[in-house]
Amino acid sequence: MGDDRRVARTLLARQGSTYAEDAGITLADRPGPLYQLLVLTTLLSTRIRAQVAVAAARELFAAGWRTPQAMEASGWQDRVDALGRGHYRRYDERTATMLGTGARLCLDRWHGDLRRMHRETEGEPAALRRRLTEFPGIGPTGADIFLREVQTVWPDVRPYADRRTLAGAKRLGLPADPHGLAGLVAAPDFGRLASALVRVALGEESAGEVTRTAAR
């Protein structure tokens, strides 16, 4: 267990930010940041590199579209252009449409406030996953992304570890179950650990380098 904790601490020291933080989202249990995470989740749900999705999200937010009201009011071509500036080109037109449709759904179903979804489901991950997959472009994998990131501000979702998180843990020789991983870090750090493990699974971080550094 001590060795596992050293590996987890080393990984956090090397890859301590979540994807939401990389996208410029100051995540909090408030309507704006939660919607921004939904946008990032939509972008991350396509077959595109995570860093391209993050860059595209930053462009959308820089254009001022940080709320569902602003996203829906934006022009479709303007959304396409912003996605293009983030090099999100293979899926730009389809995604621009989904962002507009998703914004309207967020407004109609949740009055622009995803905390309502959280309350309605009582923070139960399986129920949250079902609600999240109602948004265009977000399937089970996308729902996992949202829950993995949102657990930093929705503690009742913790510990949430999707298949990519567990794949990263396996590469590092760490416990391949959520509760085993949760025992390696303080509760507020678990979301950051989950994101860092995804980076290992995706090859953004070297498992070998992490374990070598931890052993020094």
Side-chain angles (χ1 to χ4, degrees), residues 1-41 43-44 50-51 53-54 57-58 61 66 113-129 131-132 141-202 204-205 207 209-211 213-214:
M1 181 65 80
D3 289 345
D4 288 351
R5 286 200 177 103
R6 276 195 296 275
V7 170
R9 285 197 301 268
T10 300
L11 179 59
L12 284 178
R14 293 170 63 91
Q15 299 287 348
S17 64
T18 64
Y19 286 100
E21 288 170 335
D22 288 352
I25 302 169
T26 303
L27 197 56
D29 190 24
R30 298 197 308 272
L34 292 172
Y35 173 70
Q36 292 155 32
L37 178 58
L38 186 72
V39 169
L40 176 62
T41 297
L43 299 177
L44 285 167
Q51 293 312 311
V54 165
R58 294 184 75 95
F61 301 149
R66 289 179 169 270
D113 186 352
L114 294 176
R115 294 177 301 181
R116 291 172 177 262
M117 179 179 68
H118 186 210
R119 288 195 295 269
E120 182 178 294
T121 59
E122 298 181 341
E124 209 284 313
L128 282 166
R129 284 178 98 247
R131 296 291 186 274
L132 287 162
T141 298
D144 283 339
I145 293 169
F146 185 94
L147 293 172
R148 188 181 71 222
E149 296 274 320
V150 83
Q151 67 184 321
T152 61
V153 295
W154 287 353
D156 50 0
V157 174
R158 286 200 299 260
Y160 196 87
D162 62 348
R163 62 181 181 82
R164 282 182 174 164
T165 299
L166 298 179
K170 188 175 181 179
R171 286 180 123 182
L172 287 168
L174 297 177
D177 71 274
H179 291 283
L181 288 171
L184 304 180
V185 295
D189 289 332
F190 186 78
R192 294 170 54 234
L193 178 64
S195 290
L197 288 168
V198 169
R199 297 178 197 275
V200 173
L202 295 177
E204 297 175 12
E205 174 60 274
E209 187 60 32
V210 171
T211 53
T213 301

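None of these values were measured; they are calculated from a predicted model.
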Distance-only, no hydrogens or angles: does the [X] side chain make a donor-acceptor pair with backbone N or O of [Y] under 3.5 Å?
X	Y	value
Arg199	Gly168	no
Glu124	Ala126	yes
Glu21	Thr18	yes
Gln151	Val157	no

Within a reach of under 6.0 Å around CZ of Arg115, are more than 12 heavy atoms found that belong to other residues, nucleotides or ligands?
-> yes
For the [atom1] atom of [X] and the [atom2] atom of [Y], what is their distance to the nearest 0.5 Å?
X	Y	atom1	atom2	value
Arg66	Ile25	CZ	CD1	7.5 Å
His118	Leu128	NE2	CG	6.0 Å
Leu166	Leu197	CG	CG	8.5 Å
Leu27	Thr152	CG	OG1	4.5 Å
Thr141	Ile145	OG1	CD1	7.0 Å
Asp4	Arg9	CG	CZ	11.0 Å

So, for [X] and [Y], which heavy atoms are closest and what is the spacing to 0.1 Å?
X	Y	result
Ala23	Ala57	CB-CB, 4.1 Å
Leu44	Ala53	CD2-CB, 3.6 Å
Ala194	Thr165	O-OG1, 3.5 Å

Can you check side chain to side chain contact (heavy atoms under 4.5 Å, CB included) on Tyr19 and Gln51, steps first, answer last?
-> CA-CA 9 Å; Tyr19 286 100; Gln51 293 312 311; 3.9 Å; yes
Ignoring hydrogens and angles, write down the donor-acceptor pairs under 3.5 Å from the side chains of residues 173-191, residues two or more places apart or on other chains.
| unit_1 | atom_1 | unit_2 | atom_2 | d |
| --- | --- | --- | --- | --- |
| Asp177 | OD2 | His179 | N | 3.2 |
| Asp177 | OD2 | Gly180 | N | 2.6 |
| Asp189 | OD1 | Arg192 | NH1 | 2.9 |

Please collect all salt bridge (Lys or Arg N to Asp or Glu O under 4.0 Å) contacts where either partner lies in residues 145-156, sequence neighbours excluded, each pair once.
-> Arg148-Asp162
Determine, stepwise, if the pair Met117 / Leu132 fulfils side chain to side chain contact (heavy atoms under 4.5 Å, CB included).
-> CA-CA 9 Å; Met117 179 179 68; Leu132 287 162; 3.7 Å; yes
Taking it one step at a time, do Arg163 and Asp144 satisfy salt bridge (Lys or Arg N to Asp or Glu O under 4.0 Å)?
-> CA-CA 9 Å; Arg163 62 181 181 82; Asp144 283 339; 5.7 Å; no
Can you check whether Leu40 reaches Phe146 side chain to side chain, under 4.5 Å on heavy atoms?
-> no
